[in-house]
Every structure is written in structure tokens, then in C-alpha cells.
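Beneath this line is the structure, given in C-alpha cells, with notes to follow.
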Amino acid sequence: MEILINNIYEILLLIAGILILVDVFLTYELPTHVAYVLLTIFLIIKIERSIITSIFLSVFIWFGFIVFHYTVWRKLLEKFHDNIVSPRKHTGGIEGLIGKEGVVKEIEGSQFIQIDKELYQFECERSVVVGDTYKVEKINSNKLLI
């Protein structure tokens, strides 16, 4: 019987490890939460306390895993995915236009730059020619600097 109990411990740890690996590569949170429950069960079985102490201790351990998950684990996985699995720079909104080229258009007396079929206000230190292509260098208070 002793061998069977040790195998159950090993099976719990193996399943928890596999579920955590699923989270690492597929970024699903549910398998990791199931792994945290399995690890909590494993630790409570190994500690061997009274029922009331085990219940309170298991809630405390599980809460510790959840805090770890949302404060450390998610950030580590995000860095892992952004740097190794699928490197890309997170840019959103107008910041994503830096480095892109657009054509200067004039509409009702005002000049705009057209990038990807959208018009944006811009500022430029030199004079620009309508119809010429310019590259976005920076962003200054929601205006593109070309």
C-alpha cells in the first residue's frame, strides 16, 4: 500500500507539472488553476495535520498560489511570449504609426497625412508638398511629427 500512495503523490505532481506547461505554451489560465489545487492537495497530504488545520492551511496555500499567479506568473509568461515565443512590440493607437510613411493631403484648406487610408494631423518644421510621401518620426500631443 505504501508504494501506491507514493505513486499517487508522483501522479499529482506530474499532472500539475503538465498543466503548468500547458499554460506556459498555450496561455490558458484554467489548467494552471487546476494545477494550483492539485499542488495544494499534495502539500496538505504531505503535512498531515488535523482536519480543521488542514482546511485553513489549504485555503492559505491556495490563496498564496493565486497571489503568485497574478502578481508574478502572468508577467513572466508575458515576457516569455513577447521575447521568445512570438516577439512583437506592443504598440497601440497613434504610437503604432511611428516609422510608417504617408502621403500629405489637403482637405478644405488644412493639410493632413494619410496613412493606411486614415487621415491624421501632423506638424513639420520644414514646408511640405501636398502629394509627397513623408515618414512619421515622433508623436507630440496626438499630432504626428514628420
What closest approach, in Å, do Gly99 and Lys135 show between heavy atoms, and which atom pair accounts for it?
O-CE, 3.5 Å
Shared hydrophobic cluster for Ile11 and Tyr9 (ILVMFWY, side-chain gaps under 4.5 Å)
yes
So, using side chain to side chain contact (heavy atoms under 4.5 Å, CB included) as the criterion, who are the partners of Val128 when residues are at least two apart?
Val104, Gln111, Phe122, Cys124, Tyr134, Ile146
Please determine whether residues Val103 and Ile113 belong to a single hydrophobic cluster, defined as Ile, Leu, Val, Met, Phe, Trp and Tyr linked transitively by side-chain heavy-atom distances below 4.5 Å.
no
Set of side chain to side chain donor-acceptor pair (under 3.5 Å) partners for Lys100, sequence neighbours left out:
Asp116
From Thr53 atom OG1 to Glu48 atom CD, the distance as rounded to the nearest 0.5 Å
13.0 Å
State plainly whether one hydrophobic cluster holds both Val72 and Phe63, where clusters connect Ile, Leu, Val, Met, Phe, Trp and Tyr through side-chain heavy atoms under 4.5 angstrom apart.
no
Would you indicate whether Leu76, at its atom CG, is surrounded by more than 12 heavy atoms from other residues, nucleotides or ligands within a distance under 6.0 Å?
yes
For the atom pair CD1 (Ile18) and CG (Leu14), what is the distance rounded to the nearest 0.5 Å?
4.0 Å
List the atom pairs, with distances to 0.1 Å, where a side-chain N or O of residues 30-44 and a protein N or O form a donor-acceptor pair under 3.5 Å, not counting sequence neighbours.
from: Thr32; atom 1: OG1; to: Asp23; atom 2: OD2; distance (Å): 2.6
from: His33; atom 1: NE2; to: Tyr70; atom 2: OH; distance (Å): 3.2
from: Tyr36; atom 1: OH; to: His69; atom 2: ND1; distance (Å): 3.0
from: Thr40; atom 1: OG1; to: Tyr36; atom 2: O; distance (Å): 2.7

Going hydrophobic residue to hydrophobic residue with side-chain gaps under 4.5 angstrom, can you get from Leu97 over to Phe112?
no
Yes or no on side chain to side chain contact (heavy atoms under 4.5 Å, CB included) for Leu144 and Ile139, after CA distance, side-chain angles and deciding distance?
CA-CA 5 Å; Leu144 305 176; Ile139 305 292; 3.2 Å; yes
With Glu29, which residues qualify under salt bridge (charged side-chain N to carboxylate O under 4.0 Å, His left out), at least two apart?
Arg74
Report whether Ile115 and Val129 are members of the same hydrophobic cluster (ILVMFWY, side-chain heavy atoms less than 4.5 Å apart, transitive linking).
yes
Going by side chain to side chain contact (heavy atoms under 4.5 Å, CB included), name the residues that satisfy it together with Leu26, two or more places apart in sequence or in a different chain.
Val22, Tyr28
Count the heavy atoms of every other residue, nucleotide or ligand shown that sit under 6.0 Å from CZ of Phe80, and state whether that count exceeds 12.
yes
Mind checking who shares a hydrophobic cluster with Phe56, ILVMFWY linked at side-chain heavy-atom distances under 4.5 Å?
Ile52
Once you round to the nearest 0.5 Å, how far does CD of Glu123 lie from CD of Glu137?
14.0 Å
